[in-house]
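This report concerns only the one structure given below.
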2 protein chains.
Amino acid sequence: MQDEGSLCHSSFATPPYTCRVASSSNIPRPTIKRLSLYLRSLESHQPAGTATVSSRQLGQSVGITDVQVRKDLGNIGQLGQPGIGYQVEALRGELRRVLKTDREWNAVVVGVGNIGSAILHYPHFGSKGFRIVAALDASPDRIGQRIAALRVQPMADLPAIVAEHDVRIGILAVPAEAAQSVAAEMTAAGIQGILNFAPIRIDVGNDAEVASVDLSRSLEQLAYQVGIGD
Amino acid sequence: MQDEGSLCHSSFATPPYTCRVASSSNIPRPTIKRLSLYLRSLESHQPAGTATVSSRQLGQSVGITDVQVRKDLGNIGQLGQPGIGYQVEALRGELRRVLKTDREWNAVVVGVGNIGSAILHYPHFGSKGFRIVAALDASPDRIGQRIAALRVQPMADLPAIVAEHDVRIGILAVPAEAAQSVAAEMTAAGIQGILNFAPIRIDVGNDAEVASVDLSRSLEQLAYQVGIGD
DNA sequence: CGGTGTGAAATAATTCACAGCT
DNA sequence: AGCTGTGAATTATTTCACACCG
């Protein structure tokens with residue numbers, strides 16, 4: 001009875017298939033989501049002693065059948081050894097390569113309210129290859145504040161920051177009313193992927209990919225499941 | 001596949017035909033996720049003047065085809081009027097009923113670090129029927145602190161709080177190392193649904209439903225999409 | 001044995017096509 | 001005309017069954 005949080009990716013929602021995903025990748029969407037699950041399992045609580053892991057073990061650790069694991073992994077290449085399993089180290093590398101976390105991703109946080117500053121303090125990004133290089137806000141009161149080793153900068157600095165640090169990803173944590181227009185600023189500055197925390201759909205056309213985290217919707221889904229009996 | 005007849009809820013006067021409402025559990029998962037999208041659209045930026053909305057309008061506002069909207073809504077009953085569309089007010093009510101947000105859900109936040117306190121300050125829950133009635137933490141340093149009008153309480157208080165306020169939902173915002181055992185405490189106290197922010201799978205058997213929000217994974221999915229070209 | 005890989009069957013979800021209402 | 005509801009077709013995803021390797 002485990003459910004993933006609702007991160008409605010834009011490609012899942014768009015009716016005209018404007019997303020450039022279509023041709024470039026023949027890996028099914030559900031598989032991609034599970035790959036990051038496998039990677040997380042391999043990265044965190046995998047005993048250092050084991051050099052090898054079976055599809056059953058891996059599946060058990062993330063709550064998925066062994067067949068599904070093999071199908072998923074078979075989807076990105078032939079990585080296993082019959083009778084043995086998968087080499088943990090090699091598999092990790094391959095997953096990182098496929099998911100593009102074998103490189104450094106520079107990101108900015110836009111909006112340093114509650115959620116924005118929580119993100120800035122979130123410790124798990126660094127180890128996954130994501131580095132937050134700047135924090136920005138529109139409110140003059142907040143500019144200059146220090147949050148988690150960063151000084152809050154004005155929105156006007158965005159294009160320069162993006163250019164200087166090769167920022168591709170922006171974390172959007174502004175109030176819903178401002179989200180759409182700030183998202184436009186971000187794409188205009190050259191940002192290609194937006195992680196949106198505002199509870200509203202933002203439309204950036206083909207300029208960027210959007211993934212959303214909507215806390216209210218997550219709670220709603222949970223309430224639905226809990227209340228299913230009545 | 002098409003369903004049994006069920007009694008019409010009196011709170012909702014359906015104009016046409018016989019009033020049939022699908023039983024709660026055979027609604028496809030993807031549909032449920034989109035229902036909360038529709039509801040969000042109807043609740044937020046819907047002009048107050050319009051008493052009626054078409055599947056095309058609704059679809060456009062959330063980025064989905066009109067056919068899909070009709071299929072989804074048809075899944076929970078016959079709610080529309082041919083040639084007219086859907087009554088906004090009635091549809092809202094029906095969606096809330098199906099998603100179980102037509103009642104009040106009391107929730108607690110466990111763990112008042114960065115994410116926990118951001119959640120406590122998050123303004124959007126109240127209007128959706130979720131009320132956070134308590135904040136708890138294991139660390140003695142934090143107990144007694146005031147965060148967003150709540151006083152942080154010790155974990156030992158959990159069972160009493162759950163019982164007193166009929167708490168069904170718990171928001172789990174503790175470090176990954178503690179998540180599994182704290183989750184067990186929560187279910188032991190009677191909590192039936194857990195929204196998990198720790199980047200780890202938590203296993204509570206059949207005692208509760210779990211929905212997870214994993215920020216690293218969300219970023220990873222985004223990076224994958226952005227990096228798809230290379 | 002305990003493993004993986006994979007075509008084939010089964011199931012789920014989306015899209016199409018169109019009947020019928022206002 | 002504009003709109004909903006829905007069986008049928010299509011497409012996507014999961015599960016099954018089994019060949020084959022160490």
Side-chain angles (χ1 to χ4, degrees), chain A residues 2-4 8-9 11-17 19 21-23 25-35 37-38 50-60 62-88 90-91 94-95, chain B residues 1-5 14-22 25-35 37-38 50-60 62-88 90-91 94-95:
Chain A
Q2 196 108 169
D3 179 32
E4 292 314 307
C8 51
H9 291 265
S11 61
F12 150 77
T14 41
Y17 284 67
C19 254
V21 175
S23 59
S25 124
N26 44 6
I27 303 177
R29 174 52 65 109
T31 292
I32 292 291
K33 287 191 176 172
R34 287 188 299 262
L35 291 185
L37 229 42
Y38 305 148
T50 54
T52 187
V53 65
S54 74
S55 59
R56 173 169 319 206
Q57 293 173 303
L58 199 43
Q60 205 151 307
V62 306
I64 278 179
T65 73
D66 54 336
V67 196
Q68 183 76 80
V69 173
R70 289 201 299 279
K71 258 272 152 64
D72 285 341
L73 297 183
N75 234 318
I76 66 176
Q78 295 181 179
L79 311 166
Q81 293 159 279
I84 306 291
Y86 301 83
Q87 297 297 125
V88 171
L91 183 53
E94 197 61 17
L95 286 173
Chain B
M1 208 50 136
Q2 234 45 321
D3 49 25
E4 35 37 291
T14 1
Y17 313 112
T18 47
C19 183
R20 295 183 306 157
V21 175
S25 187
N26 50 6
I27 304 177
R29 188 53 91 74
T31 291
I32 293 290
K33 287 192 175 171
R34 286 188 298 262
L35 290 185
L37 229 42
Y38 306 148
T50 54
T52 189
V53 65
S54 74
S55 59
R56 172 167 322 206
Q57 292 174 302
L58 199 44
Q60 204 151 308
V62 306
I64 278 179
T65 72
D66 54 336
V67 196
Q68 182 76 79
V69 173
R70 288 201 299 280
K71 259 273 153 63
D72 285 341
L73 296 183
N75 234 317
I76 66 176
Q78 297 182 176
L79 311 167
Q81 293 159 282
I84 307 290
Y86 300 84
Q87 298 297 124
V88 171
L91 182 53
E94 197 60 17
L95 286 173

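No experiment lies behind these values; they were computed from the predicted model shown. Chain A is the first sequence line, chain B the second, and so forth, proteins listed ahead of strands; every chain is numbered from 1. When reading the values below, keep in mind they use all heavy atoms of this one structure, side chains included, and skip hydrogens, waters and symmetry mates.
Separating the CZ atom of R56(A) from the C1' atom of dG5(C) is a distance of 16 Å, rounded to the nearest angstrom. Straight-line distance from the CG atom of L79(A) to the C1' atom of dG5(C): 11 Å, rounded to whole Å. We find that CZ of R29(A) is positioned 9 Å from P of dT13(D), with the value rounded to whole Å. Summarising the geometry, the separation between CD on Q60(B) and P on dC3(D) is reported as 11 Å, rounded to the nearest angstrom. One can place CD1 of I27(B) at 15 Å from C1' of dA13(C), the figure rounded to the nearest angstrom. One interatomic measurement links the two molecules: CG of D66(B) to P of dC16(C), which rounds to 10 Å at whole-angstrom precision. We find that CG of N75(B) is positioned 12 Å from P of dG5(D), with the value rounded to whole Å.
Heavy-atom minimum distance, L35(B) versus L95(B): CD2-CD2, 3.7 Å. Between L73(B) and Y38(B), the shortest heavy-atom distance links the atoms CD2-CD1, 4.1 Å. Between I27(B) and I32(B), the closest heavy-atom pair is CG2-CD1, 3.7 Å.
Considering only side-chain N and O atoms, Q68(A) lies under 4.0 angstrom from the phosphate OP1 or OP2 of dT15(D). Within the structure, every side-chain polar atom (N or O) of Q78(B) is placed at least 4.0 Å from both OP1 and OP2 of dG5(D). The side chain of Y86(A) places no N or O atom within less than 4.0 Å of a non-bridging phosphate oxygen (OP1 or OP2) of dG2(C).
The salt bridge (charged side-chain N to carboxylate O under 4.0 Å, His left out) contacts involving residues 73-82 of chain B comprise nothing, where partners must be two or more places apart or lie in separate chains.
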**Request:** Mind running side chain to side chain contact (heavy atoms under 4.5 Å, CB included) on V53(A) and T50(A) for me, showing each step along the way?
**Result:** CA-CA 7 Å; V53(A) 65; T50(A) 54; over 6 Å; no
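Within the nucleic acid shown, S55(A) comes within 4.0 Å of sugar-phosphate atoms alone, with no base atom in reach, counting heavy atoms only. Residue-level contact check: G74(A) touches neither bases nor backbone, having no heavy atom under 4.0 Å from any strand.
Taking 4.5 Å as the limit, some side-chain heavy atom of N75(B) sits within range of a side-chain heavy atom of P28(B).
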N/O-N/O pairs, protein side and nucleotides 18-22 of chain D side, under 3.5 Å:
unit_1: dG22(D); atom_1: O4'; unit_2: P82(A); atom_2: O; d: 3.2

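The nearest heavy atom of DNA chain D to Q57(B) and to P30(A) marks one nucleotide each, and the one closer to the 5' end goes with Q57(B).
Side-chain N/O atoms of K71(A) and base N/O atoms of dT6(C) include no donor-acceptor pair closer than 3.5 Å.
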